[in-house]
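Some notes on the structure that comes next.
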Amino acid sequence: MNRTWQEYKEGFGDVKGDHWLGLDFPLPLSQIKSFEKKNDISVNVFGLDNNEIFPLQITDHRSGHHVNLLLFSKGETRHYCLIRNLSRLLGDRTLHDGETYYCNYCLHGFCRQDLLDDHVPFCSPNGPQKLSFPKSEEQKWIEFKHINKQLRVPFVIYADFECFTSPVESSAPNSSCTKAYQKHEPSGFCYYVKCSSNELSKPAYVYRGSNTLDHFFERLIQEEKHICEVLDNVKPMSLSAEEEMVFQKSTKCHICDGELGADPCTGS
Ligand SMILES: [Zn+2]
Ligand SMILES: [Zn+2]
């Protein structure tokens with residue numbers, strides 16, 4: 001297909017013709033990929049919000065025929081407009097007056113092509129993004145809040161299975177990329193219960209024999225019962241005189257380092 005920019009700009013063919021077969025008109029963003037395939041063209045679509053341009057849909061495969069479109073929408077009404085020069089459209093966003101190379105995914109401008117080339121592999125996996133910057137002093141700072149997730153869990157169970165493998169004929173349909181060639185029959189397992197307090201850790205349990213899976217789950221349920229009993233039985237802290245003194249004198253939480261009194265860990 002060989003079309004001039006003018007033809008793309010002014011539109012071509014019949015909207016009921018092949019270019020649009022199976023597609024709605026005006027084209028929803030969800031159908032852009034199908035439109036690209038049918039017409040051997042790559043399309044990027046940008047949106048406009050409060051005079052700010054942001055990427056809406058960026059093509060996976062840039063083709064020789066590429067167009068950048070600006071999508072105007074008001075309520076249910078949508079209208080595409082051809083962007084002839086993206087750099088010029090974005091040009092007044094910075095004070096830089098030389099040529100600028102824009103990342104299509106985040107619209108960040110670079111002064112050199114090689115800087116943009118270094119950036120794109122890291123940016124493209126995130127897809128099109130609309131950047132917004134903090135508007136108030138409080139929004140300027142973010143901090144880690146899930147202090148509880150830094151705490152060690154009291155019990156961990158490490159388990160490993162052994163299997164016998166036997167060859168099988170694949171019955172998967174041809175369209176599947178997965179080819180089954182072996183069946184794994186569990187033959188045994190080993191697991192180890194590790195507690196943050198060593199005296200409650202247990203020696204590894206090893207099993208070889210029939211009904212391996214059933215036996216494994218029976219054992220796990222027993223272990224869970226035992227762990228719950230240990231956790232329910234809260235023992236008083238036993239502190240040495242020195243530890244007691246440090247505890248009484250402390251003004252900061254030992255977990256989050258916050259001032260005691262308005263501590264997110266204690267909720268007081
Ligand atoms: Zn980017
Ligand atoms: Zn705390």
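Scope of the values below: all heavy atoms of this structure, side chains included, with no hydrogens, waters or symmetry mates. The residues of the chain are indexed from 1 along the displayed sequence.
Residues Leu71 and Phe54 are members of one and the same hydrophobic cluster, defined by side-chain heavy-atom contacts under 4.5 angstrom among Ile, Leu, Val, Met, Phe, Trp and Tyr. In the hydrophobic clustering of this structure, Val206 does not group with Phe161; members are Ile, Leu, Val, Met, Phe, Trp, Tyr whose side-chain heavy atoms approach within less than 4.5 Å, directly or through other members. Linking ILVMFWY residues whenever their side-chain heavy atoms come closer than 4.5 Å, directly or via other members, leaves Leu239 and Val246 in distinct clusters. Cluster membership for Phe216 and Phe164, using ILVMFWY side-chain heavy atoms within less than 4.5 angstrom, is not shared.
Taking both residues in full, the closest heavy atoms of Pro28 and Tyr80 are given as C-OH, 4.1 Å, listed atom of the first, atom of the second, then distance. Considering every non-hydrogen atom in both Cys163 and Pro186, the closest pair reads SG-CA, 3.7 Å. Pairing each heavy atom of Pro125 with each of Val120, the nearest pair is CD-O, 4.3 Å. Residues Thr212 and Gly209 approach most closely at OG1-O, 3.0 Å, considering heavy atoms. When every heavy atom of Cys111 is checked against every heavy atom of Tyr101, the shortest pair comes out as O-CE1, 3.4 Å. Of all non-hydrogen atoms in Cys123 and Tyr105, the two that sit nearest each other are SG-CB, 3.8 Å.
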Without placing hydrogens or testing angles, list every side-chain donor-acceptor pair under 3.5 Å for residues 130-158, not counting sequence neighbours.
from, atom 1, to, atom 2, distance (Å)
Lys130, NZ, Asp49, OD2, 2.9
Ser136, OG, Gln139, N, 3.4
Gln139, OE1, Lys135, N, 2.8

Kindly list each side-chain donor-acceptor pair under 3.5 angstrom involving residues 220-232, sequence neighbours excluded, with atom names and distances?
from, atom 1, to, atom 2, distance (Å)
Glu223, OE1, Lys202, NZ, 2.8
Glu223, OE2, Tyr191, OH, 2.6

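Within 6.0 Å of CZ on Phe247 lie no more than 12 heavy atoms contributed by other residues, nucleotides or ligands. Heavy atoms of other residues, nucleotides or ligands lying less than 6.0 angstrom from NZ of Lys194 number more than 12.
One finds the CD1 atom of Ile32 at 9.5 Å from the CG atom of Leu56 (value rounded to the nearest 0.5 Å). Separating the NZ atom in Lys33 from the CD atom in Gln57 is a distance of 5.0 Å, to the nearest 0.5 Å. We find the CG-CG distance between Leu89 and Asn68 to be 9.5 Å, quoted to the nearest 0.5 Å. Rounded to the nearest 0.5 Å, atoms CG (Leu70) and NE2 (His79) are 9.5 Å apart. To the nearest 0.5 Å, atoms CZ (Phe110) and CG (Asp117) are separated by 10.0 Å.
Glu243 places a side-chain N or O within 3.5 Å of a backbone atom of Ser240 that can act as its donor or acceptor partner. Judged by distance alone, the side chain of Ser201 and the main-chain N or O of Cys195 form a donor-acceptor pair under 3.5 Å. Side-chain N or O atoms of Thr100 include none that pairs as donor or acceptor with a backbone N or O of Gly109 at under 3.5 Å. Between the side chain of His66 and the main chain of Ser42, a donor-acceptor pair closer than 3.5 Å is present. In this structure, Asn44 contributes its side chain and Ile58 its backbone to no donor-acceptor pair below 3.5 Å. Listed for the Glu36 side chain is a donor-acceptor partner under 3.5 Å among the backbone atoms of Val43. Looking only at distances, no side-chain donor or acceptor of Tyr102 sits under 3.5 Å from a matching main-chain atom of Leu86. Within the 3.5 Å criterion, the main-chain N or O of Gly127 finds a donor-acceptor partner in the side chain of Gln129.
The shortest distance between side-chain heavy atoms of Ile83 and Leu69 does not fall below 4.5 Å. In this structure the side chain of Leu107 reaches within 4.5 angstrom of the side chain of Pro55, judged on heavy atoms. Residues Phe72 and Thr77 have side chains not in contact (no heavy-atom distance under 4.5 Å, counting atoms from C-beta outward). Between Leu213 and Phe189 the shortest side-chain heavy-atom distance does not fall below 4.5 Å.
Ring orientation note: the planes of His215 and Tyr205 are tilted relative to one another, at an angle of 30° to 60°.
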